[in-house]
Amino acid sequence: MAPTFSKAMKSLEVDDSVWLPLIGKATVQDHGDVALPCHSLASRLRKSPQDIAEQICLLVEEDLAPIATVSSISGFVNISAKPEWLSKSLSLLLSDPRLGIESEKPLTFAVDYSAPNVAKEMHVGHLRSTVIGDSIVRMLEFKGHRAIRENHVGDWGTPFGMLIEHLLDLGEDQAANELGVGDLDSFYKQARAKFVSDDEFADRSRRRVVLLQGGDSETLRLWRVLVDESMRYFNEVYSMLGVLLTDEDIRGESSYRDLLPKVVERLNEVGILEQSEGADVVFPGGWVNREGDPLPMIIRKADGGYNYSTSDLACIIDRVERMGCDGFLYVVGTPQKQHFEMVFQVAIQAGFMDEDHQVTHVNFGSVLDTDGKVLKSREGEVIKLHDLLEEAIRRAEDAINQKNPDLVGEERKKVARTVGIGAVKYADLSTERTKDYVFDWERMLSFEGNTAPYLQYAYARICSIFRKWGGERDSLRDNFESLLKDELSILSNEELTLSRRLVEFPTIVDESITTFSPHKLCKHLHSVASSFASFYENCSILKEENAMLSTRRLALCDLTARELQLGLGIMGIDVPERM
RNA sequence: GGGCGUGUAGCAUAGCCUGGAUAAUGCACCGGCCUCCUAAGCCGGGGACCGCGGGUUCGAAUCCUGCCGCGCCCGCCA
């Protein structure tokens, strides 16, 4: 289409750089698929937008005739795809196992996500990071990239003094038991309560931190107990969620501790390390504190301890120099935005990475309660992820019992898990990630609207059709265009709407991946499912007597199901055969 | 105080980067549809000064600016 327009516009002496930015998806779908507003050309051509649109229309009409119809109205050129074009596009997608999504030149990305803290309950913030991170990893891998999963577990730092002392107070067995059943929050709270109320305990805790950092073997053994028991619990949650993270992906903060002194050394070598009130700091510039003084990034505290920033810098050095990463993604909440901006700037100043590295803080909004307040883990009640996921599965099972009593036994359990977990993940992925996310049980588990169960239901319905049909689905994928001949080329409105949506899939997937925005894909899949539902209600498929028509509709079913399955799949959401 | 973000029907969201025609979607609400491929569904309907005021433009939810509300961040936590 572009060459045709280019030729036409050239004859009007309008350069590509002028009209190309103007053309875009039509905002009023009744008018067409693609539109070119001509108003801004009026002064250049000294004609009314209406006349220009009409003229362009005449110039391109003939060349575009095989694939589209062109019309003009109130200064817009409107282009509508013809069924012939749609059928060609559909047939390309049908015959392609990747559904039109191209592979790219492979790059290596480190994706930093999940990051729960040892001996602390995982909360809904970790859920967001885990679910979004998992979907990004899957999408990148599907595009042919290498995604290195990194679970930056909080397993190091001053709180471990009090945690280890509390472990000793309880007795190892008792403590392991408490942690093993996932009662991390009360364990942490008890330790903290003692730390603030009991001076003797606080002293012991501080001494224990020194022992831990000094590498005392007994202390390290106790620390290991805490880490292992917590990880056992985290893994249970990961397994329920069905995410790709395993023990192989754990890159605890402790694993960077030997690199931290090197960060100080190297910052010193490049001459940007400064002393301030006994601490080693770097001034990235561009930020000021309350008093208007330059804001430093603390690299090494006055007491010799290191900071989160130091650890992040060590991380960057490691990823660039040892792992050879082309890009790093940090799936971490928006509140840490400034922190990452400063870290990235320092890393560039220090030469740890350069402009060629794609470094992105894949930020996401806070998780709010239904009353709009931030859900916090420190003092208020935490919703335990394990309980939350169980609740989701239980509610899904209740709904299945009610709607489809024929589904029983193991299969019902399996479907309940697929639907319940899918609902939780989808609720998170389907909102624009940088905005705050309202955590609402009802909404999340409601099986209506833009939710995973709605999409899964569409998928299950299609599976049901194919079970009844009994034919070979592969046979639908090769000769699609031959099914659109003669009077059959008249597609019904529902078929047209569905087809238009289906062909957008590869574009949307790419857009979703390059912007790390799963919600765009969610939105598309919902519109596919929605137009499928409409198609399903209004067009008979198996009951259609005309064999070609029936086959054509089966092919649309096949493509719809595959888009739903692949689309949800690259976001880490499963689809059930029945529900 | 400084910085960042956000404000779209009763509720929840998309659209904003890259300005276009009648602001899109879901829930809720109103009215229809199951002797028929799964009604977790479909068809139809009502409901929005896109926070407020200026500006740029032929054209602003979108860009600029000033207010207002809300949220977050701002040197030894992560």
Side-chain angles (χ1 to χ4, degrees), chain A residues 21-22 24 26-31 35-40 42-43 49 73-76 78 115 117 152 154 156-159 253 276-281 286-303 305-309 311-312 332-339 341 363 365-366 368 372-374 399-400 402-404 406 419 430-432 434-436 438 440 442-443 446-451 453-454 456-458 460-469 515 519-520 522-523 526-527 530 533-544 557 578-579:
Chain A
L22 293 174
T27 53
V28 181
Q29 60 180 29
D30 292 348
H31 291 156
L36 174 67
C38 304
H39 311 78
S40 59
S43 60
I73 184 172
S74 61
F76 289 85
N78 290 307
N117 293 307
H152 210 133
W156 203 247
T158 46
E253 279 158 15
S276 174
E277 295 172 35
D280 292 327
V281 304
W287 287 277
V288 293
N289 65 11
R290 282 173 217 274
E291 284 75 44
D293 302 325
L295 185 64
M297 173 188 275
I298 294 173
I299 302 299
R300 183 165 55 190
K301 298 187 282 186
D303 68 4
Y306 298 96
N307 258 2
Y308 185 41
S309 306
S311 175
D312 274 331
V332 180
T334 303
Q336 294 186 45
K337 195 176 171 202
Q338 181 182 313
H339 162 76
E341 283 170 355
N363 60 322
S366 305
L368 306 182
K373 290 179 180 170
V374 176
I400 292 163
Q402 205 183 335
K403 304 284 183 185
N404 190 358
D406 297 340
V419 173
S430 60
T431 56
E432 212 269 317
T434 62
K435 289 193 173 176
D436 287 350
V438 177
D440 184 344
E442 289 302 318
R443 204 179 295 281
S446 157
F447 291 174
E448 289 171 334
N450 187 12
T451 65
Y454 179 84
Q456 290 170 326
Y457 180 56
R461 277 173 140 182
I462 297 171
C463 289
S464 170
I465 291 167
F466 282 121
R467 276 194 301 273
K468 286 218 163 71
W469 178 51
T515 58
H519 82 279
K520 293 184 181 177
C522 290
K523 193 168 168 287
H526 177 254
S527 77
S530 171
S534 184
F535 158 76
Y536 176 86
E537 295 286 335
N538 294 290
C539 306
S540 49
I541 301 162
L542 297 175
K543 292 183 176 172
E544 173 56 49
C557 287
R578 327 165 193 265
M579 64 189 279

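Note on naming: letters A, B, ... go to the chains in the order of the sequence lines (proteins, then strands), and numbering restarts at 1 for each one. Values below: every heavy atom of this structure, side chains too, minus hydrogens, waters and symmetry copies.
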> Sequence neighbours excluded, which residues qualify as side chain to side chain donor-acceptor pair (under 3.5 Å) partners of A/Arg300?
Replying inline: A/Asp280
> Taking only residues two or more places apart in sequence or in another chain, which ones pass ring pair (Phe, Tyr, Trp, His ring centres under 6.0 Å) with A/His31?
Replying inline: none
> Which whole number of Å gives the distance between the P atom of B/C76 and that of B/G20?
Replying inline: 45 Å
Taking only nitrogen or oxygen atoms into account, show me every contact under 3.5 Å that the protein makes with nucleotides 62-64 of chain B, one pair per line with its distance.
none

>> My understanding is that only residues two or more places apart in sequence, or in another chain, count here; which of them pass ring pair (Phe, Tyr, Trp, His ring centres under 6.0 Å) with A/His519?
In response: none
>> Considering every strand and a 4.0 Å limit on heavy-atom distances, what is the contact class for A/Ser527: base, sugar-phosphate, or nothing?
In response: nothing
Distances for protein N or O near nucleotides 2-4 of chain B N or O, under 3.5 Å:
| residue | atom | partner | partner atom | Å |
| --- | --- | --- | --- | --- |
| B/C4 | O2' | A/Lys337 | NZ | 3.3 |

> OP1, OP2 of B/A12 versus side-chain N and O of A/Thr431: anything below 4.0 Å?
Replying inline: no
> Got a donor-acceptor contact below 3.5 angstrom from the A/Asp436 side chain to the A/Ser366 backbone?
Replying inline: yes
>> Under 4.0 Å, counting only non-hydrogen atoms across every strand here, what does A/Met297 touch: a base, just sugar-phosphate, or nothing?
In response: nothing
> What's the CG-C1' distance between A/Asp312 and B/C77, to the nearest Å?
Replying inline: 13 Å
> Along nucleotides 17-34 of chain B, 5' to 3', which nucleotides get a B, which get an S, and which get a -, given that the test is a protein heavy-atom distance under 4.0 Å?
Replying inline: ---BB---SBSS------
> When the distance from CG of A/Asn117 to P of B/A78 is rounded to whole Å, what number comes out?
Replying inline: 10 Å
> A/Asn307 or A/Thr434: which one's nearest nucleotide on RNA chain B is closer to the 5' end?
Replying inline: A/Thr434
> Which heavy-atom pair separates A/Cys557 from A/Ile541 by the least distance, and what is that distance?
Replying inline: SG-CD1, 3.8 Å
> Can you list the residues that meet the side chain to side chain contact (heavy atoms under 4.5 Å, CB included) rule with A/Ala458, with sequence neighbours excluded?
Replying inline: A/Ala529, A/Phe532, A/Leu564
> Considering all heavy atoms of both residues, which atom of A/Asn363 and which atom of A/Gly333 are nearest to each other, and what is their separation?
Replying inline: CB-C, 4.4 Å
> Would you say A/Lys301 reaches B/C76's phosphate, i.e. side-chain N/O to OP1/OP2 under 4.0 Å?
Replying inline: no
> Between B/A78 atom C1' and A/Gln336 atom CD, what is the distance in whole Å?
Replying inline: 7 Å
> Who pairs with A/Trp156 by ring pair (Phe, Tyr, Trp, His ring centres under 6.0 Å), at least two apart in sequence or on another chain?
Replying inline: A/Trp223
> If you find the nucleotide of RNA chain B closest to A/Ala399 and the one closest to A/Pro335, which residue's nucleotide is nearer the 5' end?
Replying inline: A/Ala399
> Looking at residues at least two apart in the chain, or sitting in another chain, which of them share a salt bridge (charged side-chain N to carboxylate O under 4.0 Å, His left out) with A/Glu432?
Replying inline: none
> Within this structure, what is the CG-to-P distance between A/Asp436 and B/U6, rounded to whole angstrom?
Replying inline: 10 Å
> Looking at A/Arg290, does any N or O in its side chain come under 4.0 Å of the phosphate oxygens OP1/OP2 on B/C73?
Replying inline: no
> Between B/G75 atom C1' and A/Asp280 atom CG, what is the distance in whole Å?
Replying inline: 13 Å
>> Counting only side-chain nitrogens and oxygens, does A/Lys435 get under 4.0 Å of the OP1 or OP2 atom of B/G7?
In response: yes
>> Tell me every residue that passes salt bridge (charged side-chain N to carboxylate O under 4.0 Å, His left out) with A/Glu448, counting only those two or more places apart in sequence or in another chain.
In response: none
>> Taking any heavy-atom pair under 4.0 Å as a contact, classify A/Cys539: base, sugar-phosphate, or nothing.
In response: base
> Does B/C52 adopt a syn or an anti glycosidic conformation, taking syn as a chi angle within 90° of 0?
Replying inline: anti
> Quick one: side chain to side chain contact (heavy atoms under 4.5 Å, CB included) partners of A/Ser40, sequence neighbours excluded?
Replying inline: A/Leu22
>> Whole angstroms only, please: what is the CG-P distance between A/Asp303 and B/C76?
In response: 12 Å
> Just checking A/Leu542: base, sugar-phosphate only, or nothing, at a heavy-atom cut-off of under 4.0 Å?
Replying inline: base
> In whole Å, what is the span from the CD1 atom of A/Ile298 to the P atom of B/A78?
Replying inline: 10 Å
> Relative to each other, are the rings of A/Tyr454 and A/His526 parallel, tilted or perpendicular (30° and 60° limits)?
Replying inline: tilted
> Between A/Asp303 and A/Gly305, is there a donor-acceptor pair closer than 3.5 Å when you use the side chain of the first and the backbone of the second?
Replying inline: yes
> Which whole-number value in Å describes the distance from A/Leu295 CG to B/G75 P?
Replying inline: 6 Å
> With pairs taken as Watson-Crick or G-U wobble and both distances under 3.5 angstrom, which stems of at least three consecutive pairs involve RNA chain B?
Replying inline: B:1-7 with B:68-74, B:10-13 with B:24-27, B:29-33 with B:41-45, B:51-55 with B:63-67
